[in-house]
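Structure first, then comments.
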2 protein chains.
Amino acid sequence: MRVPPTTLPAEPTHARRFGKARTAQASAVLEDYAELIADLLASEGEARPTDIARRLGVSHATAIKAISRLKREGLATARPYRGVFLTEAGERLAARVRERHRLVVDLLVALGVPAEAAEQDAEGIEHHVSDATLAAFSRFLKAR
Amino acid sequence: MRVPPTTLPAEPTHARRFGKARTAQASAVLEDYAELIADLLASEGEARPTDIARRLGVSHATAIKAISRLKREGLATARPYRGVFLTEAGERLAARVRERHRLVVDLLVALGVPAEAAEQDAEGIEHHVSDATLAAFSRFLKAR
DNA sequence: TGATATTTGTAGCCTAGGCTACATTTTTCG
DNA sequence: CGAAAAATGTAGCCTAGGCTACAAATATCA
């Protein structure tokens, strides 16, 4: 059964949506790293690759490669054997990620999701929440 | 400032959550493909790699490689130049993904997210929603 | 039919994000 | 101090998911 191509829209219907989702996810890991580094700097006074790796459950080699990407993106700096630091851009990113994470968790909990599952799901969900959706979450939480 | 390692928990605090999110995302793309193939089979009677690629906004080579992964995972079959078909497992996956997608979109809309943004965000969010969270979404939608 | 279009498939390259294994540097402590 | 332990960095390998370029098969139509 061969259908003439005209029955399929020339404009890629899903493309815009899917494309967005893909590239968004590319930076998801860096967002996690930035957030964790900020946490460690606040709570421990320093963020060492080994601690970062342990907290994320990856090998230290993996963490170091990710840190290299952070540096390349201008989000972090590091002095060998002296830990990792965030640039201003990195701090801003971390703050935004933390705030967004909190909001997503709060929303899930408000909807009746058990705290444990809420934390876990938020980790994956938060990277795909647009500003519009975030605003809606915020309004909903305030309104109730 | 070197802090004794004992101040950091031996158990990787974030590891469980992050690890889950990562491997979950590995199958996200295959879920998208399965859903789209089911759509095409229903609406067009066949699912050809070229149409799949156009709808997803990727090159046909990329689509073909993803289809190979689907076959390897036992989710799809394909006869050269005769399109792609879903196995029973593939059909089940597609049905689950479609249902989940609808639920996520409905929830976002119910929370006041504009339809356009809801569709877009759902594409990324849906792959990270656990059964517990899905159930909560469902309850919330019914209750209002 | 036969030339042209389209579709499909293959090959090779890239980056991200994982890993292990090994080498090096720094810190700790007897 | 100097040896052992810990942390760091490097090299090399893997898969997923993208891409372009080229080759081959199939459809279309003059």
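What's counted below: heavy atoms across the whole structure, side chains too, no hydrogens, waters or symmetry copies. First the proteins, then the strands, lettered A, B, ... as listed; each starts at 1. Note that the structure is a prediction, hence the values are computed from the model and not measured.
Considering A:His127, A:Glu35, A:Glu119 as possible partners of A:His101, the one that fulfils the side chain to side chain donor-acceptor pair (under 3.5 Å) test is A:Glu119. Between A:Glu31 and the options A:Arg100, A:Arg92, A:Arg98, a salt bridge (Lys or Arg N to Asp or Glu O under 4.0 Å) holds for only A:Arg100.
Between A:Thr62 and C:dG17 there is no side-chain polar atom (N or O) within less than 4.0 angstrom of OP1 or OP2. Contact check, B:Arg69 against D:dG17: a side-chain N or O comes under 4.0 Å of OP1 or OP2. Between A:Ser59 and C:dC19 there is a side-chain polar atom (N or O) within less than 4.0 angstrom of OP1 or OP2.
With a cut-off of 3.5 Å on both pairing distances, C:dA5 has no Watson-Crick or G-U wobble partner at all. Checking C:dT24 for Watson-Crick or G-U wobble geometry (two distances, each under 3.5 Å) identifies D:dA7 as its partner.
Here the P atom of nucleotide D:dA7 and the CG atom of A:Leu40 are 14 Å apart, to the nearest Å. Atom CZ in A:Arg48 sits roughly 19 Å away from atom P in C:dT25 (whole-Å rounding). Going from atom CD1 of B:Ile52 over to atom P of D:dG18 covers 14 Å, rounded to whole Å. Between B:Leu30 atom CG and D:dA16 atom P there is a gap of 9 Å when expressed in whole angstrom units. If you measure from atom CD1 of A:Ile67 to atom C1' of C:dG18, you get 15 Å, rounded to the nearest angstrom. One atom, CD of B:Glu44, and another, C1' of C:dT7, lie 16 Å apart when rounded to the nearest Å. If you measure from atom CG of A:Asp32 to atom P of C:dG18, you get 9 Å, rounded to the nearest angstrom. The interatomic distance linking B:Glu46 (CD) with D:dA27 (C1') rounds to 12 Å, in whole Å.
The side-chain heavy atoms of B:Val113 and A:Phe140, taken from C-beta on, include no pair separated by under 4.5 Å. Within the 4.5 Å cutoff, the side chain of A:Arg96 has no heavy atoms near those of the A:Glu99 side chain. Between A:Leu70 and A:Val84, the closest side-chain pair of non-hydrogen atoms is not below 4.5 Å.
Regarding the sugar-base torsion, C:dA5 falls in the syn class, its angle being within 90° of 0.
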Give me the distances for all protein-to-nucleotides 9-13 of chain D N/O pairs that come in under 3.5 Å?
residue	atom	partner	partner atom	Å
D:dG9	N7	A:His60	NE2	3.0
D:dG9	O6	A:His60	NE2	2.9

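Ion pair B:Arg102/B:Asp106 flagged as a salt bridge, since at least one NZ, NE, NH1 or NH2 atom sits closer than 4.0 Å to an Asp/Glu carboxylate oxygen.
A search for side-chain hydrogen bond (donor to acceptor under 3.5 Å, both in side chains) contacts involving B:Ser59 returns B:Thr62, not counting sequence neighbours.
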